[in-house]
Amino acid sequence: MSLFSLRFLTAGESHGQGITAILEGIPANLEVSEDYINRELARRQRGYGRGGRMKIEKDRVRILSGVRFGKTIGAPITLWIENRDWENWKDKMAVAGDPPPSYVPFTRPRPGHADLSGGIKYNQRDLRNILERASARETSARVAVGAVCKRFLEELGIRVGSYVVNIGECSFPIEEGDLLKRHELAEKSEVRFPDPSKDSEFKNYIDSVRERGESAGGMFEVFALGVPPGLGSHIQWDRRIDGRIAQAMMSIQAMKAVEIGLGVESAVRLGSEVHDEIGYDQERGYFRYSNNLGGTEGGITNGMPILVRVTMKPIPTLKNPLRSVDIETKEGLRAGKERTDVVAVPAASVVGEAMLSIILADALLEKLGGDFMEEVRERFDNYIKHVGEF
Ligand code: EPS
């Protein structure tokens with residue numbers, strides 16, 4: 001599945017010269033700055049449990065095309081993020097020539113990483129040629145693309161946010177209440193949990209995971225507020241918004257499950273306990289008494305907040321590696337070790353925001369069309385008028 005009105009590609013290896021993306025389809029006259037994108041990039045780099053790499057990288061974007069005097073011009077936007085670590089890898093990752101004499105190929109695939117399957121598929125006996133691109137470093141490009149989309153959504157009054165639900169076995173009840181408040185509290189937490197007073201418990205847990213030579217996954221929730229009804233469509237499988245959101249989330253490295261609204265819990269509830277009853281009043285128009293379906297019905301947004309829950313598996317690189325086989329000797333050995341993060345769920349939640357922003361910007365442009373922001377805004381306002389009058 002791909003996008004309908006936007007297109008983007010990312011490129012770059014984790015320890016190559018940098019990570020880049022080209023984004024096409026953003027209307028002209030949208031204000032966007034490197035500073036705005038950099039704020040999102042910095043949010044992705046935070047989170048207790050990251051490894052040594054985040055001390056090296058200070059991700060900064062350079063906009064190489066598509067923006068002039070602070071505004072988009074309708075042309076493809078090229079985003080470039082330099083890898084500071086390239087300095088330490090330029091011999092081992094050189095574009096031309098031979099590897100340095102001291103270089104040892106990566107031949108012990110890590111269970112859970114793309115190493116072995118990718119090596120077989122692309123016939124690469126140095127599994128570094130696979131892991132470099134499979135690495136979640138690539139998500140820095142997605143966050144940069146997502147930041148441009150988030151800027152676009154902001155112009156139409158749509159807010160996207162996220163927070164962590166649990167990290168491994170460490171979880172606490174999350175206070176009922178508004179999603180934006182949860183996001184704002186998460187911004188103050190070192191693990192993006194919407195109650196910073198629990199940070200020390202999360203940090204102790206992550207420390208214990210690290211001490212055991214282990215890694216941990218977890219869950220996060222991403223939401224969007226102010227999304228009008230009518231994005232996506234029931235008429236064809238690939239146009240359903242819930243499917244599009246799920247695919248986008250599942251495409252993030254290490255994600256293993258996506259739920260919308262109540263998600264898996266709807267399997268054990270009765271119909272009357274799941275479906276969101278419809279009301280109407282003059283001021284709000286149509287509204288729902290609950291939001292168990294997470295803002296989508298029949299593959300179409302219904303005007304309620306979009307709420308997505310995503311499950312991340314533990315990171316595959318372990319300090320106490322699992323059993324594996326050396327692809328050269330076929331000897332049963334322990335998997336290779338790399339410098340790694342212990343937990344990256346807080347960072348993943350920021351990537352989730354980026355992916356949801358991309359999908360919603362795409363669905364809005366599919367619905368509204370428009371090549372410049374004034375045109376998009378006028379069509380949006382007309383559509384909102386239609387929603388109010390329906
Ligand atoms: C990653 C391994 C680690 C992470 C990396 C993702 O990198 P390194 O191998 O250089 O220590 O830090 O994430 C990032 C670099 C990033 O920017 O998020 C992996 O194998 O997926």
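One-based numbering, in listed order, for ligands and for the atoms of each.
The shortest contact between atom 1 (C) of ligand 1 and any protein heavy atom is with Ser135 OG, 3.5 Å. Atom 15 (C) of ligand 1 has as its closest protein heavy atom Arg137 CD, 3.2 Å. Closest to atom 21 (O) of ligand 1, if we only count protein heavy atoms, is Ala136 N, 2.9 Å.
At least one heavy atom of Met54 sits less than 4.0 Å from an atom of ligand 1. Using 4.0 Å as the threshold, Gln253 has no heavy atom nearer than that to any atom of ligand 1.
Within ligand 1, counting atoms from 1 as listed, the ones closer than 4.0 Å to a heavy atom of His15 are 8 (P), 9 (O), 10 (O). Those atoms of ligand 1 with a heavy atom of His113 less than 4.0 angstrom away are 20 (O). Counting the atoms of ligand 1 from 1 in the order shown, those under 4.0 Å from a heavy atom of Asp341 are 4 (C), 12 (O). Those atoms of ligand 1 that come under 4.0 Å of a heavy atom in Arg339, given as number and element, are 8 (P), 9 (O), 10 (O), 11 (O). Under a 4.0 Å criterion applied to the non-hydrogen atoms of Arg50, ligand 1 contributes the atoms 13 (O), 14 (C), 16 (C), 18 (O).
Glu13 has no carboxylate O lying under 4.0 Å from a charged side-chain N of Arg133, or vice versa, which leaves the two without a salt bridge. Between Arg210 and Glu214, no side-chain nitrogen of the basic residue sits less than 4.0 Å from a carboxylate oxygen of the acidic one, so the salt-bridge criterion is not met. Lys150 has a carboxylate O that lies under 4.0 Å from a charged side-chain N of Glu353, or vice versa, which qualifies the two as a salt bridge.
Between His183 and Phe223, the ring-plane angle classifies as perpendicular under the 30° and 60° cut-offs.
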Applying side chain to side chain donor-acceptor pair (under 3.5 Å), run through Ser2 and Arg7 and close with a yes or a no. CA-CA 8 Å; Ser2 64; Arg7 295 199 280 181; over 6 Å; no
Side chain to side chain donor-acceptor pair (under 3.5 Å) between Asp199 and Tyr48: does it pass, once the steps are laid out? CA-CA 9 Å; Asp199 276 13; Tyr48 195 77; over 6 Å; no
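Counting only non-hydrogen atoms, the option in Arg53, Arg44, Glu57, Gln45 that gets closest to atom 17 (O) of ligand 1 is Arg44.
Put simply, Leu64 and Phe8 are part of two different groups of oily side chains (I, L, V, M, F, W, Y) that touch within less than 4.5 Å, one to the next.
Looking at Asn83 and Arg137, their side chains do bring a donor and an acceptor atom within 3.5 Å of each other.
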